[in-house]
S.K.: 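Got a structure here, written out as structure tokens. Questions coming.
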Amino acid sequence: QVQLVESGGALVQAGDSLRLSCAASGRTFSTYAMGWFRQAPGKEREFVAAISWRGGTKKYADSVKGRFTMSRDNAKNTGTLQLDSLQPEDTAVYYCAAEQTPVPTLSSWYLGRVDYWGQGTQVTVSS
């Protein structure tokens with residue numbers, strides 16, 4: 001069993017940066033793919049990014065490519081999402097997630113079909 005806890009959400013201005021963290025419990029986390037989703041008010045939850053167990057494979061949604069960077073530290077059981085050049089349309093609750101495979105199954109991630117979810121952290125970007 002894996003539990004995920006996000007932190008780092010805040011209220012920022014357009015153009016600012018934030019770093020979100022995901023702390024995981026469970027010895028098997030280091031062998032799982034992990035990633036991030038977000039859900040804006042009144043919208044469906046959407047895929048943001050995913051990373052393989054060793055970090056060699058990364059995938060980003062087109063809307064964040066070039067602005068967001070995902071990484072992980074398996075020794076610390078943590079994952080990080082660096083958010084740069086934030087825009088008001090990035091306002092959402094950001095969720096950490098994990099899949100019980102070493103490499104993310106992108107077709108599943110695009111549909112939100114993963115195995116574990118965190119509780120979310122709020123990111124608000126003002127214009």
Side-chain angles (χ1 to χ4, degrees):
Q1 190 73 11
V2 171
Q3 291 184 326
L4 306 172
V5 179
E6 304 93 334
S7 62
L11 170 62
V12 298
Q13 294 186 332
D16 285 351
S17 296
L18 269 181
R19 175 167 291 191
L20 305 183
S21 294
C22 176
S25 65
R27 293 180 297 174
T28 54
F29 173 76
S30 62
T31 64
Y32 293 170
M34 68 166 298
W36 295 84
F37 292 82
R38 68 184 181 184
Q39 187 168 20
K43 295 186 178 181
E44 294 186 353
R45 187 157 49 190
E46 64 174 353
F47 167 78
V48 174
I51 188 171
S52 59
W53 68 303
R54 287 184 172 178
T57 299
K58 299 180 185 180
K59 182 65 177 179
Y60 298 94
D62 289 342
S63 58
V64 306
K65 198 174 297 183
R67 299 189 299 121
F68 291 8
T69 305
M70 182 166 185
S71 61
R72 67 188 295 169
D73 185 338
N74 289 335
K76 297 181 179 179
N77 261 15
T78 59
T80 300
L81 185 67
Q82 177 70 33
L83 291 66
D84 296 321
S85 302
L86 282 162
Q87 299 301 315
E89 52 266 35
D90 295 317
T91 294
V93 177
Y94 284 72
Y95 297 90
C96 179
E99 182 189 13
Q100 291 179 333
T101 60
V103 179
T105 307
L106 293 178
S107 58
S108 295
W109 282 81
Y110 292 154
L111 294 173
R113 294 175 181 172
V114 295
D115 299 302
Y116 301 101
W117 293 93
Q119 85 289 348
T121 186
Q122 177 71 48
V123 173
T124 303
V125 185
S126 64
S127 57

S.K.: Roughly how far, to the nearest 0.5 Å, is CG of Asp115 from CZ of Arg113?
M.R.: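 Between Arg113 CZ and Asp115 CG, I get 12.5 Å after rounding to 0.5 Å.
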S.K.: Cation-pi check for Trp117 against Arg45: NZ or CZ below 6.0 Å from the six-membered ring centre and within 45 degrees of the axis, yes or no?
M.R.: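 That pair qualifies as a cation-pi contact.
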S.K.: Does Val2 sit in a hydrophobic cluster with other residues, and if so which ones, taking ILVMFWY side chains as linked at heavy-atom separations under 4.5 Å, directly or through other members?
M.R.: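 Besides Val2, the hydrophobic cluster comprises Leu4, Val12, Leu18, Leu20, Phe29, Tyr32, Met34, Trp36, Val48, Ile51, Tyr60, Val64, Phe68, Met70, Leu81, Leu83, Leu86, Tyr94, Tyr116, Val123, Val125, listed by chain and residue number.
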S.K.: Should the heavy atoms of other residues, nucleotides or ligands under 6.0 Å from NZ of Lys65 be counted, would the total exceed 12?
M.R.: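 It does: Lys65 NZ has more than 12 such atoms within range.
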S.K.: Checking Thr121 side chain against Gly9 main chain: does a donor-acceptor pair fall under 3.5 Å?
M.R.: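 Here the side-chain-to-backbone pair exists.
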S.K.: Under 3.5 Å, is there a donor on one side chain and an acceptor on the other for Ser21 and Glu6?
M.R.: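 Distance-only check fails for Ser21 and Glu6.
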S.K.: Report yes or no: do Asp73 and Thr78 form a side-chain donor-acceptor pair below 3.5 Å?
M.R.: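 No.
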S.K.: Sub-3.5 Å donor-acceptor pair from the side chain of Asn74 to the main-chain atoms of Trp53, do we have one?
M.R.: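 Yes, Asn74 side chain to Trp53 backbone: donor-acceptor pair under 3.5 Å.
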S.K.: Using only atom types and a distance under 3.5 Å, with no angle test, would you say the side chain of Ser52 pairs donor to acceptor with the backbone of Thr57?
M.R.: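 At least one qualifying donor-acceptor pair exists.
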S.K.: Give a yes or no answer on whether the side chain of Thr101 reaches the backbone of Val103 with a donor-acceptor pair at less than 3.5 Å.
M.R.: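 Yes, the answer is positive, given that a donor and an acceptor are paired below the 3.5 Å cut-off.
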S.K.: For the residue pair Pro88 and Ser126, establish whether any side-chain heavy-atom pair is separated by less than 4.5 Å.
M.R.: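 Side-chain contact under 4.5 Å: no.
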S.K.: Quick check: Tyr95 with Phe37 (ring centres under 6.0 Å apart)?
M.R.: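 Between Tyr95 and Phe37, which both carry aromatic rings, the centre distance is not below 6.0 Å.
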S.K.: Indicate the atoms forming the closest heavy-atom contact of Pro104 with Trp109, along with that distance.
M.R.: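 Result for this residue pair: CB-NE1, 3.5 Å.
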S.K.: Between Arg38 and Asp90, does the side-chain contact (heavy atoms from CB on, under 4.5 Å) criterion hold? Intermediate values first, please.
M.R.: CA-CA 9 Å; Arg38 68 184 181 184; Asp90 295 317; 2.9 Å; yes
S.K.: Flag the pair Gln122 / Thr91 as yes when at least one side-chain heavy-atom distance between them is below 4.5 Å, and no otherwise.
M.R.: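 Gln122 reaches Thr91 side chain to side chain.
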S.K.: Closest approach of Arg67 and Ser85, non-hydrogen atoms and distance?
M.R.: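 Reported closest heavy-atom pair: NH1-O, 3.0 Å.
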S.K.: Quick one: CD on Glu99 to CG on Leu106, what's the gap to the nearest 0.5 Å?
M.R.: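 Rounded to the nearest 0.5 Å, the CD-CG separation comes to 8.5 Å.
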S.K.: Using 0.5 Å steps for rounding, measure from the CZ atom of Arg72 to the OG atom of Ser30.
M.R.: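 One finds 7.5 Å between CZ of Arg72 and OG of Ser30.
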S.K.: Just so I know, are the side chains of Thr31 and Pro102 near enough to count as touching, which here means a heavy-atom distance under 4.5 Å?
M.R.: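 Thr31 does not reach Pro102 side chain to side chain.
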S.K.: Keeping Gln3 on the side-chain end and Gly26 on the backbone end, is there a donor-acceptor pair under 3.5 Å?
M.R.: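 No, Gln3 side chain to Gly26 backbone: no donor-acceptor pair under 3.5 Å.
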S.K.: To the nearest 0.5 Å, what is the distance between CG (Asn77) and OG1 (Thr28)?
M.R.: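 Interatomic distance, Asn77 CG to Thr28 OG1, rounded to 0.5 Å: 8.5 Å.
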S.K.: To the nearest 0.5 Å, what is the distance between OG (Ser71) and NZ (Lys58)?
M.R.: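 The NZ atom of Lys58 is 6.0 Å from OG of Ser71, to the nearest 0.5 Å.
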